[in-house]
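Each remark here refers to the structure printed beneath this line.
Position 1 is the first residue of the sequence, and the numbers go up from there. Everything quoted here is computed from the prediction, not taken from an experiment. When a ligand or atom number is given, it counts from 1 through the structure's own listing order.
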Amino acid sequence: MTDLPYDGLVTNRLRDRTAVITGGASGIGLATARRLAHEGARVVIADICPDGTGNDLAAGIGGRFFRADVTSAGDVQAMFAFAQETFGSIDIAFNNAGISPEDDASILDTGIEAWRRVQEVNLTSVYYCCKYVIPYMQAQGKGSIINTASFVAVLGAATSQISYSASKGGVLSMSRELGVEFARQGIRVNALCPGPVNTPLLRELFASDAEKAQRRLVHVPLGRFAEPDELAAAVAFLASDDSSFITASQFLVDGGITGAYVTPL
Ligand code: NAD
C-alpha cells in the first residue's frame, strides 16, 4: 500500500468493513478512499474515469475499481452487486459523485438541458445509490450511508448555480428522510455538507480572477478553503461506530461559513 498518506495515524476503526465510494477517482472521493483504506476498510472506487486510471488508484490502496455511471440504475445495481460479491458485505456507501458545470448559473441563463443533467448526476444518482444499497444493509442489520450535499444546500449564493444548489438541497432532505425511516433497522444516513474545497477548479479561479476568489474567501471564518483530506476525516468518522448516535444529520464541514455574520479581518 503505497498511496496512503497517513503515516502518523494508526487506527483499525473500519477493519472488515466494505466501502463503496462514487466519484472515488478524484477530489473528496479519492481522499476518502485513501482514508477509509488506511482505517482498514476494503474499498470499491466507483467512477466514470478510464479503467486504467481507476485500476491504478484502487491498486494503490489495496481496493478494487468498478466503472459505473451513477446516472444509470443498471450501473448502480451492478456496482453494489460487485462489491457484495467481491468482499462479502457493503457496510459503507459514500454517495459522492457530483458535477458543477459552467452552463449551470443564474436561473435566467440556465437551460433545461443543463438543469436536467445536474439533477441527474447530483440528485437522481443519490436516489439510485440509496435505493439499491439499502436492501443489502437491511439484510445485514447495519450500515452507514453518507451522501455528499454542500453548504449551498443551506445558504443562498448571489453567484448562483441554480440546478446545483437545488440538487444539493434535494440530497440533504432525502438523506434526512432516509435517516429517519431506516433508523431502527441499524442503518444511519447522513448528509455531508462541505464548504468550498481547495480543488483544481478553485485554484484556477484564484489564478485567473483574484477578486472573484476573494469574494468567496471573505465569508470563511477559518480564512481558507478546506483540503480534501479534511472532508475525508469527517466521512471516516460518519462511516465508523464513533458516530453511532448520529443519523439524519446535516453534517457541516464548512470552516464556519454557515455560523458567521462578520468574519475576522
Ligand atoms: P471532483 O470533480 O474532483 O470529483 C468528482 C468525481 O465524480 C470525478 O472523479 C468524476 O469522474 C466523478 N463523476 C462525475 N460524474 C459521474 C458519473 N455520472 N458517474 C460516476 N462518477 C462521476 O469533485 P469534488 O470537488 O471532489 O466533489 C465531490 C462531491 O463534493 C460532489 O458531489 C460535489 O458537488 C461536492 N462538493 C464539492 C465542493 C468543492 O468545493 N469541491 C464543495 C461542496 C460539495
Side-chain angles (χ1 to χ4, degrees), residues 20-35 44-58 65-80 82 93-102 104 116-129 132 146-155 157 159 161 163-172 174-175 191-206 213 216-217 219-220 224-232 234-235 238 250-255 257-258:
V20 178
I21 300 177
T22 69
S26 174
I28 297 169
L30 178 57
T32 301
R34 290 175 169 153
R35 174 75 190 232
V44 174
I45 290 179
D47 208 292
I48 44 166
C49 69
D51 282 338
T53 310
N55 284 326
D56 285 351
L57 292 171
F65 172 66
F66 189 86
R67 193 167 194 285
D69 179 341
V70 289
T71 66
S72 155
D75 278 14
V76 170
Q77 286 171 286
M79 168 183 86
F80 289 126
F82 171 81
F94 182 33
N95 302 320
N96 163 76
I99 55 169
S100 63
E102 278 181 10
D104 176 24
R116 286 198 174 125
R117 183 162 22 95
V118 171
Q119 295 298 316
E120 281 291 303
V121 180
N122 290 9
L123 180 57
T124 307
S125 68
V126 176
Y127 157 80
Y128 284 144
C129 287
Y132 295 123
I146 301 114
N147 296 323
T148 304
S150 168
F151 70 110
V152 299
V154 296
L155 278 183
T159 50
Q161 294 181 287
S163 187
Y164 182 89
S165 294
S167 73
K168 295 303 188 179
V171 170
L172 178 59
M174 181 167 23
S175 305
L192 179 78
C193 296
V197 181
N198 185 12
T199 55
L201 209 70
L202 213 64
R203 283 196 289 275
E204 214 172 276
L205 180 70
F206 262 94
R216 287 159 174 74
L217 195 54
H219 294 285
V220 190
R224 63 176 177 84
F225 297 135
E227 294 301 324
D229 284 347
E230 295 178 299
L231 276 307
V235 180
L238 290 172
Q250 165 184 305
F251 202 87
L252 287 155
V253 184
D254 69 352
I257 302 175
T258 51

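Within ligand 1, counting atoms from 1 as listed, the ones closer than 4.0 Å to a heavy atom of A149 are 44 (C). Within ligand 1, counting atoms from 1 as listed, the ones closer than 4.0 Å to a heavy atom of A68 are 19 (N), 20 (C). With ligand atoms numbered from 1 in the order given, ligand 1 contributes 39 (C), 40 (O), 41 (N) to contacts under 4.0 Å with heavy atoms of V197. Heavy-atom proximity to I28, at under 4.0 Å, picks out these atoms of ligand 1: 26 (O), 30 (O), 37 (C). Interface of P196 with ligand 1, defined as ligand atoms under 4.0 Å from a residue heavy atom, comprises 40 (O). Those atoms of ligand 1 that come under 4.0 Å of a heavy atom in T199, given as number and element, are 25 (O), 41 (N). Close contacts between ligand 1 and S150 involve ligand atoms 43 (C), 44 (C) [criterion: under 4.0 Å to a heavy atom]. Applying the 4.0 Å criterion to heavy atoms of G27 picks out, from ligand 1, the atoms 3 (O), 26 (O).
Side chain of N122 to main chain of I99: a donor-acceptor pair is present (N/O by atom type, distance under 3.5 Å, no hydrogens or angles). The closest donor-acceptor contact from the side chain of R67 to the backbone of D47 lies at 3.5 Å or more, if one exists at all. For the pair T22 (side chain) and N96 (backbone), a donor-acceptor distance under 3.5 Å is present. A donor-acceptor distance shorter than 3.5 angstrom exists from the side chain of K168 to the backbone of T148, with no hydrogens or angles considered.
The aromatic ring centroids of Y132 and F80 lie 6.0 Å or more from each other.
Atom 5 (C) of ligand 1 has G98 O, 4.0 Å as its closest protein atom, hydrogens excluded (heavy atom only). Ranking protein heavy atoms by distance to atom 15 (N) of ligand 1, first place goes to I48 CD1, 3.6 Å. Considering only non-hydrogen protein atoms, atom 18 (N) of ligand 1 sits nearest to D69 OD1, 2.9 Å. Looking from atom 1 (P) of ligand 1 to the surrounding protein, the closest heavy atom is S26 OG, 3.6 Å. Looking only at protein heavy atoms, the nearest one to atom 42 (C) of ligand 1 is G195 O, 3.4 Å. Protein heavy atom closest to atom 34 (O) of ligand 1, with residue, atom name and distance, is Y164 OH, 2.6 Å.
Assignment of K168 to the shell around ligand 1 is supported, since a heavy atom sits closer than 4.0 Å.
For the residue pair Q161/D104, the side-chain donor-acceptor check at 3.5 Å is not satisfied. Defined by atom type and a distance below 3.5 Å, a donor-acceptor pair is present between the side-chain atoms of S163 and Q119.
By the 6.0 Å contact criterion, CZ on F82 is enclosed, its count of non-hydrogen atoms from other residues, nucleotides or ligands being greater than 12. Atom CZ of R116 has 12 or fewer heavy atoms from other residues, nucleotides or ligands within 6.0 Å.
Here A46 has no heavy atoms under 4.0 Å from ligand 1, in either its backbone or its side chain. Contact annotation: for P200 versus ligand 1, there are no heavy atoms closer than 4.0 Å. No part of F151 comes within 4.0 Å of ligand 1, judged by heavy-atom distances.
Separation of atoms CZ (F66) and CG (D51) is listed at 10.0 Å; rounding is to 0.5 Å. Annotation: the span from D75 atom CG to Y128 atom OH amounts to 10.5 Å, rounded to 0.5 Å. Taking CG of L231 as the start and CZ of R35 as the end, the distance is 11.5 Å to the nearest 0.5 Å. Residue M79 holds its CE atom at 10.5 Å from CG of D69, rounded to the nearest 0.5 Å.
The nearest non-hydrogen atom to atom 17 (C) of ligand 1, considering only L30, V253, V70, comes from V70. Compare V152, T71, D47, I99 by their heavy atoms: the one nearest to atom 9 (O) of ligand 1 is in D47.
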message: Please determine whether side chain to side chain contact (heavy atoms under 4.5 Å, CB included) holds for the pair C193 and L172, giving the CA-CA distance in whole Å, both sets of side-chain angles, and the decisive distance to 0.1 Å.
response: CA-CA 8 Å; C193 296; L172 178 59; 4.3 Å; yes
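Residue T148 has no N or O atom closer than 3.5 Å to an N or O atom of ligand 1. Distances between N or O atoms of N96 and those of ligand 1 include at least one value under 3.5 Å. When only interatomic distances are considered, the shortest N/O to N/O separation between G23 and ligand 1 does not fall below 3.5 Å.
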